[in-house]
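Written below as C-alpha cells is the structure these notes are about.
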Amino acid sequence: MIPQHSKNKLKRNFYTRDLLIVAKDLLGKILVKHDNDKIFSGRIVEVEAYDGLIDRAAHTYSGKTKRNEIMFNKGGYFYVYFTYGAHFCCNIVTGEKDHGTAVLIRAIEPINNIDIMIKNRFGRELLNEKEKFNLTSGPGKLCQALGINKSHYGIDLTGDKIYLINANKINDDSIVVAKRIGIKKSINLPWRFYIKDNPFVSKK
DNA sequence: CCACGGATTGGCT
DNA sequence: GCCAATCCGTGGA
C-alpha cells in the first residue's frame, strides 16, 4: 500500500531549501509514522508556512525559547506543539540552521490504518460517510488520528520513526494559494497552500 | 509569581 | 456564525 522503498524517503536536501519552496512541494507527499508494528500514513493536502524573521504569527518571531528551539535547526526535523489546552499540531522544519522556519501540516488524506485513526479520533465507529472527511482535516485532528504528541518533538525526519515518502509534484494549476487561518498577526501573508478540490482540506 | 492568550475544535444559537 | 473548553509556554512585575 505504501511505497516503502527506502530510495523514496525524502532526504535532508529536500527540507533545507527555502521555506515557501518546501511548503508547496510538501503537497502530495506521504507522511508516514511507525508506531510499534503499525504504520500510519496519509497524503499531505494542506500546509501553512511560518517564518520568524518577518512573520509575527510565527512561534520563532521573538527569538529562541525552549518550546520553539527545534525550529532553529536545519530543515528535516519535526516540530510538535500543544495549544488551546487540547490539541497538538505538527510542523516540518525547513531551511538552513538558525532560520526559524517551518511548515504546519494542516490536513492529510488518510491512506493506512484508517480504522485505528477513526478509533483515535472518535472512540467509536463512523456514524456516516461524511465523517470520513472529518478524520484528518485540520492540524489538531490529524495529530489525534495519528497519535502524534509531545513525545515526537524534534524527531529527525531522515530517520525511521516519522518521515516523508516522495510523490509526484503537484501541478501549480492544482494548488490554491490563500491567507493563513486562525491567526491574529501577519494575517495577510499568502502562505497557505492546499490541493484544489481535495475533500480533506480543513476549510475552503 | 501570576496573568494572558493561542498556528483549534466541536457544539449550540 | 459564535463561543466555551482547557493547559501550559511565555513574558511582565
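When reading the values below, keep in mind they use all heavy atoms of this one structure, side chains included, and skip hydrogens, waters and symmetry mates. Below, chains carry the letters A, B, ... as their sequence lines are ordered, and counting in each starts from 1.
- Between dT8(B), dG10(B), dA7(B), one nucleotide has an atom nearer to the side chain of L104(A) than all others, and that is dA7(B).
- What separates NZ of K203(A) from C1' of dA7(B) is a distance of 14 Å, to the nearest Å.
- A tilted orientation is assigned to the rings of Y163(A) and H34(A), their planes being inclined by 30° to 60°.
- Nearest to the side-chain atoms of N134(A) among the listed nucleotides dA7(B), dG10(B), dC7(C) stands dG10(B).
- Atom NE2 of H59(A) and atom P of dG5(B) are 15 Å apart (whole Å).
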Run the ring-ring contact (aromatic ring centres under 6.0 Å, His included) test on F78(A) and Y153(A) for me, step by step, so that the C-alpha distance in whole Å, both residues' side-chain angles and the decisive distance to 0.1 Å come before the verdict. CA-CA 6 Å; F78(A) 210 48; Y153(A) 180 95; 9.6 Å; no

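- When rounded to the nearest whole Å, the span between CG of N91(A) and P of dA7(B) equals 11 Å.
- Base pairing of dT9(B) is made with dA4(C), judged by Watson-Crick or G-U wobble geometry with both donor-acceptor distances under 3.5 Å.
- If you take CD of E46(A) and C1' of dT8(B), they are 13 Å apart, rounded to a whole angstrom.
- Nearest-nucleotide mapping onto DNA chain C: of K150(A) and A86(A), the residue sitting toward the 5' end is A86(A).
- For dG6(B), one of the phosphate oxygens OP1 or OP2 lies less than 4.0 angstrom from a side-chain nitrogen or oxygen of K184(A).
- Residue contacts shown for R180(A) are absent, as no nucleic acid heavy atom lies under 4.0 Å away.
- The separation of dG5(B) from dC3(C), taken at their C1' atoms, amounts to 15 Å, rounded to a whole angstrom.
- Look at OH on Y79(A): it is 11 Å from P on dG9(C), rounded to the nearest Å.
- Proximity of T65(A) to the phosphate of dT10(C): a side-chain N or O atom is located under 4.0 Å from OP1 or OP2.
- Each of N134(A), L135(A), T136(A) was evaluated against K141(A); a single residue qualifies, N134(A), per the side chain to side chain contact (heavy atoms under 4.5 Å, CB included) test.
- The aromatic ring of Y84(A) does not sit over the base of dA5(C); the criterion of centres under 5.5 Å apart with planes under 30° is not met.
- Ring-plane geometry between F82(A) and F88(A) is classed as tilted, the angle between the planes lying from 30 to 60 degrees on a 0 to 90 degree scale.
- A close approach under 4.0 Å does occur between a side-chain nitrogen or oxygen of R121(A) and OP1 or OP2 of dG10(B).
- Put simply, OG1 on T16(A) and NZ on K74(A) are 8.5 Å apart, with the number rounded to the nearest 0.5 Å.
- Rounding to whole angstrom units, CG of residue L135(A) and C1' of dT8(B) are separated by 17 Å.
- Counting to the nearest Å, the C1' atom of dA7(B) and the OH atom of Y61(A) are 16 Å from each other.
- The separation between R67(A) atom CZ and dG6(B) atom P is 11 Å, rounded to whole Å.
- Of the candidate nucleotides dA7(B), dG6(B), dT8(B), dA7(B) has the atom lying nearest to any side-chain atom of Y81(A).
- Summary of the strand contacts: H87(A) and N68(A) both lie near DNA chain C, and taking for each the nucleotide with the nearest heavy atom, the more 5' one is attributed to H87(A).
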